[in-house]
Amino acid sequence: MQRIPMTTPLVEMDGDEMTRILWQMIKDKLILPHVDLKVEYYDLGLLSRNATDDQITVDAANATKKYGVAVKCATITPNAQRMEEYPQLKKMWASPNGTIRSILDGTVFRVPITIDKIKPVVKNWEAPITIARHAYGDVYKGVEMVVNGSGTACLVFEGKDGETQRHVICETSESTADMADMTDMTDMADMTDMTGMADMTGLGSVILQGVHNTERSIRSFAKSCFQYALDTKQDLWFSTKDTISKVYDGFFKEVFENEYNAHYKEQMDALGLEYFYTLIDDAVARVMRSKGGFVWACKNYDGDVMSDMISTAFGSLAMMTSVLVSPDGPVEYEAAHGTVTRHYYRHLKGEKTSTNPIATIFAWSGALRKRGELDGIGDLTVYGDALEAASLETLNAGIMTQDLVGLVEDGSSPRSVTSEEFLDEIARRLAEKLR
């Protein structure tokens, strides 16, 4: 069979550990037999990032801006344990996802992949819940330090016009108190007559963190969320903690309200759609009582955590799509889960694993379909649809990886297979669909 041609390359970002193994298997079994694959390849494996001082991650993000569509494998974000595991690392490199999202900006939309045989853990959920995760700022671009001894920690902005704003975060000397809640203080003279505050004497090291965001990014986040809700005809929920973070989170709340009232209220009302804001803790409770079928917009870190909760409650971390939509147009498709380290070490011992590749398959299918849409290659969009349909048909036939078998409650007896066997089953169904 003649392979489907491509005219513009995808940006391919390879990754780490077991997902890297699955990445190549997916290409060999499901893509290369049918698509004359054209890519600009970047190895974002941890050792490659280390060798290039992480420049390769920046290059991959800029290539995505150039070509418009990227597909990314899961990657390691090193922590203290990984530094011991990989002693050749020069430093504890930043999250590649965080770096890419900072360059592309935008919103990550994550949607559970559902099948008839697996029902959500939350029994009243009748439809998938989409997480719209802001892709810029917060702790992912935070600056951190640990300090010891007496001193004053301040949040300072030095304007180029000579104006300086200064807020005391905390004072660590023996004679002063914790100023964490006194962010409106501009000099130490304001600290007189403070009573009832927690004395920081003897608390040991002090950990400091500074985070930021931008109005441009927050506004594009809001626009993307409202537009996605309109396109998919779903209600939009938005949640932060503006009762505590009155300035930072309050700014998000204000931007969403402004955008809604100025540009989207009439359109949503016409479709019978609702937008509402609530505190993040109230949102969690509402989500658990809901029937699903809405878009839940979250700040960067909140979206990171809540998407894992949603995907697991619907079935598995390996059963969720993840698409970064940049306000400038580029899109990046990826799996929402990690590198499956435990299975990787079993693989290195020569053992067969039953690792779920569905989210990674859907990253490829989504990217290839989008490339086909942008380039006017109808066969490529048909291929993307067929790949997803073949994957879901395999699952609904009761052929699954081990993580899903125990979740089936329809009385059938699903068959657990290895990753390679699972991909072979999908490949057979895909070939039939493309004849």
Side-chain angles (χ1 to χ4, degrees), residues 11 13 15 19 44 57 60-61 64-65 68-75 77 94-113 128-142 211 213-214 216-232 234 236-240 252 255-256 280 283 287 294-312 314 317-339 358-360 362-367 369-370:
V11 176
M13 307 180 196
T19 45
L44 297 195
T57 307
T64 304
K65 282 187 170 184
V69 184
V71 58
K72 181 183 175 295
C73 184
T75 46
T77 299
S95 161
N97 288 339
T99 299
I100 293 165
R101 290 168 189 159
S102 293
I103 293 171
L104 296 180
D105 201 356
T107 305
V108 178
F109 293 99
R110 290 181 169 172
V111 186
I113 302 166
I129 297 168
T130 300
I131 295 290
R133 173 187 173 188
H134 189 206
Y136 183 84
D138 292 350
V139 297
Y140 302 89
K141 284 190 71 67
V211 301
N213 231 295
T214 69
R216 176 184 180 276
S217 181
I218 297 169
R219 201 165 294 281
S220 71
F221 171 46
K223 290 176 183 291
S224 295
C225 292
F226 284 114
Q227 193 58 53
Y228 188 94
L230 287 169
D231 291 344
T232 59
Q234 297 183 87
L236 175 63
W237 301 13
F238 179 50
S239 58
T240 70
F252 275 81
V255 168
F256 265 74
I280 184 70
V287 165
F294 55 87
V295 181
W296 182 11
C298 298
K299 294 189 315 174
N300 206 341
Y301 178 75
D302 293 344
D304 191 1
V305 176
M306 296 308 166
S307 64
D308 280 2
M309 179 190 77
I310 294 295
S311 63
T312 302
F314 270 99
L317 284 170
M319 296 284 286
M320 175 172 268
T321 63
S322 183
V323 185
L324 169 62
V325 181
S326 169
D328 299 324
V331 288
E332 181 219 33
Y333 295 78
E334 62 179 344
H337 58 74
T339 57
I358 287 291
T360 305
F362 273 56
W364 274 105
S365 62
R369 180 170 52 234
K370 186 65 175 181

Does NZ or CZ of Arg110 lie under 6.0 Å from the centre of the six-membered ring of Phe362, at an angle within 45° of the ring axis? no

Would the Phe221 and Phe256 ring centres measure less than 6.0 Å apart? yes

side-chain contact (heavy atoms from CB on, under 4.5 Å), paired with Glu334, selected from Val71, Asn97, Val323: Asn97

Closest non-hydrogen atom pair between Gly303 and Ile131, with its separation: O-CG2, 4.0 Å

Tightest non-hydrogen contact, residues Ser311 and Leu317, listed as OG-CD2, 3.1 Å

Heavy-atom pair of closest approach, residues Val69 and Ala367: CG1-O, 3.6 Å

Enclosure of Tyr301 OH (heavy-atom neighbours >12, cutoff 6.0 Å): no

Which atom pair, heavy atoms only, marks the closest approach of Met13 to Ala60? CE-O, 3.8 Å

Stepwise side-chain hydrogen bond (donor to acceptor under 3.5 Å, both in side chains) test for His134 and Ser217: CA-CA 8 Å; His134 189 206; Ser217 181; 2.7 Å; yes

For residues Ala359 and Ile113, report the shortest heavy-atom separation together with the two atoms involved. CA-CD1, 4.5 Å

Is a side-chain donor or acceptor of Arg133 paired with a backbone partner of Asn300 at a separation under 3.5 angstrom? yes

Go through the side-chain N and O atoms of Trp296 and Ser239 and say whether any donor and acceptor fall under 3.5 Å apart. yes

